[in-house]
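One structure below.
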Amino acid sequence: MTAPLTPELELGDLQGGVLSAYGKRGYPIGRYILFHAPDGVAGRRFVEALRPHVTTARRWDRPGKPTKALNKQAQPDCTLNIAFTFWGLVALGVPTRTLRGLPDEFIDGMAARARVLGDDIGSNCVDFWDEVWKPGEPGKRVHFLVMLNTRADDNGVALPALAARTEFVLNAARECGVRLLDGHGGPDPRWQDLSAVFAEYGGKKVPTRLEHFGFADAIGDPVFEGQYPDREELARSVGQGAVDGAGNWRPLAPGEFILGWPDEAQEVAGAAMPLDFSRNGTFFAYRKLHEDVAAWDAWIAATAARLAQVWGISDLAAAADLLKAKMAGRWPDGVPLVLAPTPEARDEFNRKFTLESPEWVRAVSNFVYAGDPKGERCPFGSHLRRANPRDMLDPLGDLPDRNKRAGSVLNNRRRILRRGLPYDDGGDNRKGIVFLAHCTSLFRQFEFVQQQWMNYGLDFEAGNQTCPIIGPHGDDARFVVPSAEPGKPPFVAADLKQFVSTRGGDYFFTPSLTALRMIGQGTVDPT
Amino acid sequence: MPTIDGGHYFITALIPVRHDSDGALDRATAHSNALRDTLATLPTALQSPVCAPGGLNSPFARCTRTHFARFAVIDQPMYNGRDRHDALVTASPFGKDPTVQQKFDTLSRPWLLLAADFDATQESDGGLKSWLVGLWTRSEPEMRAIFGHCYGFEAVNDADTFAAYVAKCRIETTMSYNEYWPGRPPLTGWSIPGALTWVGIGALAGLACAWWTGWPWWGWLLALVFGVALGAAAAALRIAKDGAKPFPMAPNSDLPGVLKALYVQQRFCRFVETHQGADAETLQLAFSVFCASNKLNDRLHPTQPPGVIRSDGVTPLAPTCAPQRSPA
């Protein structure tokens, strides 16, 4: 059998931050700025001013792994990327024939999709959003998102390049007549500042994986063809790609994440024409998610006490740790319950693999749910199963013959690339994450996961119950933790609060460098 | 998959819609339009947080046999375009002239579709008549408003004539589906080796016959072919017969069973929440009170009424604001 042709993504045509998260590549600090173009000329001038400075997906050397000259770029101190809302593309004068090829949900924008996303419930409602994201006057409509990501020094402070880049972008906007939109919720209303949570290590401040509830985040992320140099995705796809019934992993099709490439349905999906406009671009949902750390800590303390009483756990801290793990599907340090269902097993796992070593990172993703068909290790309703059910929805998953099982087939078209960083808007209890979900179909991928898996429970034998961590929670919100020990009843965690609420965001299109040129020059030609 | 399947009766009825004008000439419109108007304003069940606050329930919720029911107006079939053709055949002397227009199918008039599944009974018609009589008795005004736009409805004047009228318009349901089996239903399927066994038995029988009668070699061959064909035909018949069998009814999957299950489920969840961790004695006492007050063995009382999302007084999570669009 001859090896199939490997898709070779043209890295210099893709914007950076899509193939891999800047946070993971040594850029733990970010700044997102929003703009409005009063007319097409101003907007196109702004795009043209920024275009030469856009960071592409070309690689830079990693420790011990020099990059081929072919795909190289010098490592910048501060990256720059740009994305557009539908109204931004309208303002830029993109032709009608191209615009009408764009997906419905992207045209709607996130606020209009509230019913699908659960943003029409309680504290997710638009009234609670940062001013800049509230749909209001047409003159304040969000058109462009400029994303800056930067490296930090040993004190956890952004390199000076961030301030310089910010100045450059603001000057360009001023000169071109493009309006900066303020009204962000942080100390500086002109933009959204983001930062990884830092920790002291050997006298230095180093960025961690943690988000504000204390979980290690950004562990699992889909792996697809062409994503890494030298076919690294073959090894990386274990636990992160698609799995067949027998347990063999492969990278997902690139068209699930990058427009204009074959997808998991083995076709190139229709996209806005000309194809050059769409190819190598991607969509993403920008969601600013507030984490109510105070409510979370209080509820965890109270419910852990109840768990300790019901399950006979003497150590309250251990009960809290177990409760958090059952809700997330991973222990707070990232070790998955499927592989290590008890604290002892978790410690054993961390003895076997050094925490955060490459082996550990590979090991914490390498699992399927076939061995845990009742959720005794990892509850069905946990965040991890809902976000990426892997093989658990396999209708033939209970067959003893592994070759007859279907693996992750029902899940392969519902994957999203997770990007973004935590934020701390200063003051009391005003922390969270800016979550970016990249995919080629926001409707089929991001919105499906949000609506059917996070905010509903049917696929997880949980009726109307939502994700215990990020879902909206009403009067009867509860989370059932099955027990693995015979005779020991399940634990029902009740009275869940609204721990995570939407604070703003929208749907964006990240064009390729080719499309960015056409947009900036006003030469998008769909004929 | 027949009309009665999984213990449920799946009715499909197509009722012709009137062609004449509706109402006085100064506001004349098509019956199909007026019918759609009536259907659009018929309340749906209170089974979603969006519908529940309205308070008006579906007329179908007045019956404790109906699981799902819907009306729709079918006016014309979709034309899928010209028949598929092969360019080489078309170019040959036998090909059809591509410039000649092909006919497309139409319906004579719009038709009202009634599709419902309800609990079947032991009655000789599977419970069709009694269900239709119940529909009329419980919701005569709504049925008059809907069926009044249909052809021949003038002849309906009571429950019996209504039942006969709809039954006359019934067609066989060929694709029925309900999902009440927890896990896999206890069915034994046919496997390829199983079917081949029948073929093998046929072949052996043929050969035995040839041996018994002492036929020459071609007789053996003939008997073999005949035996194989007979075995294959018998297997095919048997598979077709098994396929036509109704799906077995899942335990307690009639509507009273489903409603009682929903009723108990909501209360049992709360019971577990409240009593988890209690000592055995307290728990047993509380559970006996729970069983007594909810009468677990009485399928009809207390129970959840049809057509509502829940019955324990808890307000379901519902939208509190409307989606917003930027003004143009």
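Note that the structure is predicted; figures quoted are calculated from it, not measured. A note on names: the letters A, B, ... follow the listed sequences, proteins ahead of strands, and every chain is numbered from 1.
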So what's closer than 4.5 Å to chain B heavy atoms on A/Asp108: side chain, backbone, both or neither?
both
Could you tell me which portion of B/Arg270 (side chain, backbone, both or neither) has an atom closer than 4.5 angstrom to a non-hydrogen atom of chain A?
both
Step by step, work out the side-chain contact (heavy atoms from CB on, under 4.5 Å) result for A/Cys125 and B/Thr320.
CA-CA 8 Å; A/Cys125 280; B/Thr320 49; 3.4 Å; yes
Which heavy-atom pair separates A/Ala112 from B/Pro323 by the least distance, and what is that distance?
O-CB, 3.6 Å
Grab the two heavy atoms, one from A/Arg306 and one from B/Thr274, that are nearest each other, plus how far apart they are.
NH2-O, 3.2 Å
Test item: A/Pro472 and B/Leu317 side chains (from C-beta on) under 4.5 Å apart, heavy atoms:
yes
Value rounded to 0.5 Å, distance of CD in B/Gln324 from CG in A/Asp119:
11.0 Å
Should we count CG of B/Asp298 as having more than 12 external heavy atoms under 6.0 Å?
yes
Considering all heavy atoms of both residues, which atom of A/Gln309 and which atom of B/Gly277 are nearest to each other, and what is their separation?
NE2-O, 3.7 Å
Can you find a heavy atom in the side chain of B/Arg310 that is under 4.5 Å from one in the side chain of A/Asp476?
yes
Can you tell if the side chain of B/Pro319 reaches within under 4.5 Å of the side chain of A/Arg115, non-hydrogen atoms only?
yes
What's the spacing between A/Phe491 CZ and B/Glu273 CD if we round to 0.5 Å?
9.5 Å
